[in-house]
Amino acid sequence: MANPKLKKGHTRIANEILEQVMTLSFNGTQLRIILFIFRYTYGFQRKDNEFSIAFIAQKINASRSQVDRELTTLIDSKIISVLGIGEKGARILSFNKNYEEWGQPESKRKSSLPPKTDSQPETKKNPEKKRTSKVNYDEDNSYYKMAVYFHKKVAAVAKDAGVEHLIRKANLQSWADDFRKLVEIDGVNKHLAKEVMDWVVKDSFWRTNILSAKKLRVKFTDLAIKMNSVKAPKQPVLAQRPDPRDKDIEFQRWIAEGNEPDDFNWN
């Protein structure tokens, strides 16, 4: 039987915050993300921490794409704040206690409209086209720098292989976004990403098969496993030393068989 106790750990949250959270129409994933932020910030007596999408998804039992989408909604609604990028390449998140800055979560705003009545004629409206806002990465952005770094390496490989035309029109903005997804959604450490980039352009098989950031992300797990298996040093086989007690056992058996002790070969 479960028996939780405060002395085993608890999370201090002001009642005023909980009362404000209860007034908004969060969906299930959004509410679980907020509880996660509470647990891993206030639960450790800190105001913020670095969280990857993969770690959040694991803890709240949701998919990475689901967490990425709903976390973005909470950030846009100013309920969750992004304070920067941490040492591992993930965002530093905190809960915004100033509820006067909060907005209704985007995915729920339509449901807050008043219901139609019989006196209101039904009007057909053209469905709005979804607006996809592409992130523009400047030259100082770490993901753009990763894109430039990998593009230079891939360009050298493509030139040697005579397929330079395949990457001549590479979109570095798109490459930068793929690296962002690799780090923030897939939870890959930037240092590991660089190791794989350096290794893949030297491998005899993969060097001509991975010529874009998108392909690198798709095959990243396989590439990392292959790289580590190649780098892993083979353990030397240690020669087994003979146990000196074995000779004593043989000697006792020799005497038990009726042989002369002086005739026993101790070598």
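The analysis underlying the following values was restricted to heavy atoms, covering all of them including side chains, and did not include hydrogens, waters or symmetry mates. What you see is a predicted model; the values in this text were computed from it and never measured.
- By the rule that hydrophobic residues join a cluster once side-chain heavy atoms approach within less than 4.5 Å of another member, V183 and V218 end up as members of separate clusters.
- A salt bridge links D186 to R64: one of the charged nitrogens lies within less than 4.0 Å of a carboxylate oxygen.
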For the pair Y144 and Q173, evaluate side-chain hydrogen bond (donor to acceptor under 3.5 Å, both in side chains) and give the outcome as yes or no after the intermediate values. CA-CA 7 Å; Y144 189 85; Q173 289 291 328; 5.2 Å; no
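- Cation-pi check for K190 over Y143 is met; the charged atom lies under 6.0 angstrom from the ring centroid and within 45 degrees of its normal.
- For the pair R39 and F36, the cation-pi criterion (under 6.0 Å, within 45° of the ring axis) is not fulfilled.
- A donor atom on one side chain and an acceptor atom on the other are not found under 3.5 Å apart for R46 and Y40.
- Placement of I17 and M22 in two distinct hydrophobic clusters is found when ILVMFWY residues are connected by side-chain heavy-atom separations under 4.5 Å, directly or transitively.
- At least one donor-acceptor pair under 3.5 Å links the side chain of S229 to the backbone N or O of K226.
- Applying side chain to side chain contact (heavy atoms under 4.5 Å, CB included) to R91 and the options D48, L83, I53 leaves one that passes, I53.
- With contacts defined as side-chain heavy-atom distances shorter than 4.5 Å, the pair R180/Y137 qualifies.
- Side-chain contact check for T73 versus Q30: some heavy-atom pair is nearer than 4.5 Å.
- Grouping the Ile, Leu, Val, Met, Phe, Trp and Tyr side chains by contacts below 4.5 angstrom, directly or via other members, places L216 apart from I225.
- Contact check for V188 versus V196: no side-chain heavy atoms found under the 4.5 Å cut-off.
- Comment: K153 engages D198 in a salt bridge, judged by a side-chain N to carboxylate O separation of less than 4.0 angstrom.
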Decide ring-ring contact (aromatic ring centres under 6.0 Å, His included) for W102 and F95; before the verdict, give the C-alpha distance in whole Å, the side-chain angles of both, and the deciding distance to 0.1 Å. CA-CA 11 Å; W102 296 356; F95 182 81; 5.5 Å; yes
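- For the pair R32 and T29, the minimum side-chain heavy-atom distance is below 4.5 Å.
- Using a 30° and 60° split on the angle between ring planes, W175 and F150 fall in the tilted class, from 30° to 60°.
- Of the residues listed (L71, L74, I80, N96), the one engaging I37 in a side chain to side chain contact (heavy atoms under 4.5 Å, CB included) is I80, and it is the only one.
- For the pair V21/F26, a side-chain contact is recorded, criterion being any heavy-atom separation below 4.5 Å from C-beta on.
- Side-chain contact check for N141 versus D138: some heavy-atom pair is nearer than 4.5 Å.
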